[in-house]
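Just so you know, ligand 1 is whichever comes first in the structure, and atom 1 is the first atom listed for that ligand. One is the number of the first residue; the rest follow in order along the sequence. Source: prediction; values computed, not measured.
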Amino acid sequence: MTVLDDIIAGVREDLEARRLSQAEIEDAARAAAPARDAWAALGGGQPDAGLKVIAEIKRSSPSKGELAGIVDPAALAEQYVSGGASVISVLTEQRRFKGSLADLDAVRARVDVPLLRKDFTVDEYQIWEARAHGADLILLIAAALDDAQLKDFSDLTHELGMNVLLETHTLEEIERAAAVEARIIGVNVRNLKTLDVDRGVFGGLASAIPAGAIAVAESGVRGVEDAVHYASQGAQALLVGEALVTTEDPRRLLQDFREAGTRAMPARRG
Ligand SMILES: O=P(O)(O)OC[C@@H](O)[C@@H](O)c1c[nH]c2ccccc12
């Protein structure tokens, strides 16, 4: 059993414990304000948009345990917005990351940028639930889903007006993402089966991401040098958790990532 299998087993159990009827969750999703456009916020279709940052509210991680005593996730999210975050990611997985839908609600109530509901999506119910709680973007992890699920879950997400961040870690997974026409493709440099981080994985796979899709480098940004590295390798956006929750000044660090990263982006060809 890999770490990923173990996390997913817990996610399924927690989901059954809170599950409402399908009619109830659909009503709640339809009552929510329309989803914001995360694709546009991440520079989709805008040449030379600069390096974008998806800033994550991450209390804890399976590899390190508690990262920071986050007392007020909404206040942290406001700092992220003031530093120029394009999207805020809120982890809602409870057991290993100590997140919750309450965190998502708290952030939604205070910030206006698009929100990513960051969880291990293994059931369509979670997609309705994300929308009901004001999410604009959801994570789908290729390693956790088969091709039919990738397609069906993407279709439902789009029907609800949201975007998908499709997370990959291998060339084969990028090909599967391309086959479902994913428009926002992440490469997680952390292997979710072993939790090992290899920052070289992004550069090795970036050229395989289809030209029309937004390339997101996920995990392992310790400081500005890593941001510059990913940007120079073709990242259009970064997903950053630990470095932002542990720094004294998230606003400043975010600005530094964006400025230095944007300068490091390769000039567009053609
Ligand atoms: O804290 P980091 O190394 O900056 O990583 C953030 C993010 O990429 C990581 O939290 C993550 C990437 N994919 C995930 C899937 C589930 C849970 C968490 C993740």
4.5 Å side-chain heavy-atom contact, R131 and M162: yes
Ion pair check, R190 and E167, cut-off under 4.0 Å: no
Could you tell me the residue and atom name of the protein heavy atom closest to atom 14 (C) of ligand 1, and the distance to it rounded to 0.1 Å? K118 NZ, 3.3 Å
Starting from atom 8 (O) of ligand 1, which protein heavy atom do you reach first, and at what distance in Å? S219 OG, 2.8 Å
Hydrophobic side-chain clustering at under 4.5 Å (ILVMFWY, transitive links): who's grouped with L139? Put none if nobody. V3, L4, I7, I8, V11, W39, L42, I54, V87, L91, F97, L116, F120, V122, L137, I141, L165, I184, L192, L195, I214, V216, L239
Given E93, E167, E56, R222, identify the one with the heavy atom nearest to atom 13 (N) of ligand 1. E167
In terms of side-chain geometry, is the basic nitrogen of D103 or R59 positioned less than 4.0 Å from the acidic oxygen of its partner? yes
Assess, by modelled atom type and distance only, whether the side chains of S21 and E24 contain a donor and an acceptor separated by less than 3.5 Å. yes
Ion pair present between R222 and E242, side-chain N to carboxylate O less than 4.0 angstrom? no
Suppose we measure from atom 3 (O) of ligand 1 to each protein heavy atom; which comes out shortest, and what is that distance? G220 N, 3.0 Å
Quick one: do D155 and K151 make a salt bridge, cutoff under 4.0 Å? yes
Under 3.5 Å, is there a donor-acceptor pair between the T168 and E173 side chains? no
Tell me, which protein residue and heavy-atom name are nearest atom 4 (O) of ligand 1, and how many Å apart are they? G241 N, 2.8 Å
Which atoms from ligand 1 have a heavy atom of V240 less than 4.0 Å away? 4 (O)
Please identify which atoms of ligand 1 are closer than 4.0 Å to at least one heavy atom of E242. 1 (O), 2 (P), 4 (O)
Looking only at protein heavy atoms, which one is nearest to atom 17 (C) of ligand 1, and how far off is it? F97 CZ, 3.4 Å
Within the structure, does A243 bring an N/O atom to less than 3.5 angstrom of an N/O atom in ligand 1? no
Numbering as shown, the atoms of ligand 1 that approach L139 to under 4.0 Å (heavy-atom distance): 15 (C)
How far is atom 16 (C) of ligand 1 from its nearest protein heavy atom, and which residue and atom name does that atom have? F120 CZ, 3.2 Å
Side-chain ion pair, R117 and E129, N-O less than 4.0 Å: yes
Any N/O pair L192/ligand 1 closer than 3.5 Å: no
Subset of ligand 1 atoms that lie under 4.0 Å from at least one heavy atom of L91: 17 (C)
Which residue pairs satisfy the side chain to side chain donor-acceptor pair (under 3.5 Å) criterion with at least one member in residues 132-142, sequence neighbours excluded? D105-H133, R108-D136
Are D119 and ligand 1 in contact, using a heavy-atom cut-off of under 4.0 Å? no
Within a distance under 4.0 Å of any heavy atom of K58, pick out the atoms of ligand 1 and give their elements. 1 (O), 2 (P), 5 (O), 6 (C), 9 (C), 10 (O)
